[in-house]
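Please read the structure below before turning to the comments.
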Amino acid sequence: MGQCERVLQYIKDFGSINPAQAFLDLGCYRLGARIYDLRHKHGYSIKKTTVSAKNRYGEAVSYAEYRLEDNNAE
């Protein structure tokens with residue numbers, strides 16, 4: 001199973017994925033590249049949402065979160 005398949009299965013299992021989850025759980029350093037592949041090479045419709053939160057120092061940070069569009073959900 002390649003990284004694209006692992007990312008896709010993670011989204012199906014947990015509903016979404018972000019870069020920290022991809023790195024820690026899947027060992028995927030370039031989530032954006034895998035999302036690109038899933039969209040353009042494999043035809044999946046994946047929605048990107050920008051999430052705002054605070055880091056451990058109380059500073060505002062933003063990161064991407066990816067979900068399958070409803071028309072792909074299985």
Side-chain angles (χ1 to χ4, degrees):
M1 178 182 286
Q3 282 189 345
C4 284
E5 292 82 11
R6 286 189 187 105
V7 168
L8 183 60
Q9 190 61 51
Y10 192 97
I11 294 171
K12 288 179 179 179
D13 290 346
F14 298 101
S16 66
I17 193 167
N18 66 49
Q21 293 166 330
F23 173 69
L24 293 173
D25 296 342
L26 306 177
C28 178
Y29 285 89
R30 298 184 61 221
L31 177 60
R34 301 298 69 82
I35 296 297
Y36 178 91
D37 292 343
L38 287 169
R39 286 175 175 157
H40 294 92
K41 294 181 181 177
H42 301 285
Y44 286 93
S45 181
I46 299 174
K47 180 182 176 183
K48 175 185 172 185
T49 304
T50 302
V51 179
S52 296
K54 293 195 179 206
N55 65 15
R56 69 175 80 181
Y57 306 106
E59 302 164 335
V61 295
S62 297
Y63 57 91
E65 185 174 79
Y66 300 96
R67 297 178 181 276
L68 280 174
E69 292 283 347
D70 289 336
N71 60 349
N72 296 109
E74 293 177 11

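Excluded from the calculations below are hydrogen atoms, water molecules and symmetry mates; all remaining heavy atoms, backbone and side chain alike, are included. Note that the coordinates shown come from a computational prediction; the quantities given were computed from them, not determined experimentally.
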- Does N55 use its side chain to pair, donor to acceptor, with the backbone of E59 at less than 3.5 Å? yes

Rounding to 0.5 Å, atoms CG (D37) and CD (E5) come to a distance of 10.0 Å

Closest heavy-atom pair, G32 versus Y66, reported as atoms and distance to 0.1 Å, is CA-OH, 4.2 Å

Worksheet entry | Q9 side chain to R6 backbone, donor-acceptor under 3.5 Å | no

Can you get from V51 to V61 by hopping between Ile, Leu, Val, Met, Phe, Trp and Tyr side chains that sit under 4.5 Å apart?
no

Here the pair of heavy atoms bringing N18 nearest to A64 is CB-O, 3.2 Å

Between the CZ atom in R30 and the CD1 atom in I35, the distance rounded to the nearest 0.5 Å is 12.5 Å

Nearest heavy-atom approach of Q3 to G27 is NE2-O, 3.7 Å

Correct closest heavy-atom pair for C28 and R34 would be SG-CG, 3.6 Å

message = Looking at R67 and I11, would you say the former's side chain and the latter's main chain have a donor-acceptor pair under 3.5 Å?
response = no

Handout entry: L31 side chain near I17 side chain, heavy-atom distance below 4.5 Å
Key = yes

d(L38 CG, Y44 OH) to nearest 0.5 Å is 7.5 Å

- Count the heavy atoms of every other residue, nucleotide or ligand shown that sit under 6.0 Å from CZ of R39, and state whether that count exceeds 12. yes

Taking the side chain as everything from C-beta on, heavy atoms only, tell me whether L8 gets closer than 4.5 Å to L68.
yes

ask   = Can D25 and Q21 be counted as having a side-chain donor-acceptor contact under 3.5 angstrom?
value = no

> Do you reckon Y36 sits in the same ILVMFWY cluster as Y10, going by side-chain contacts under 4.5 Å, direct or chained?
Replying inline: no

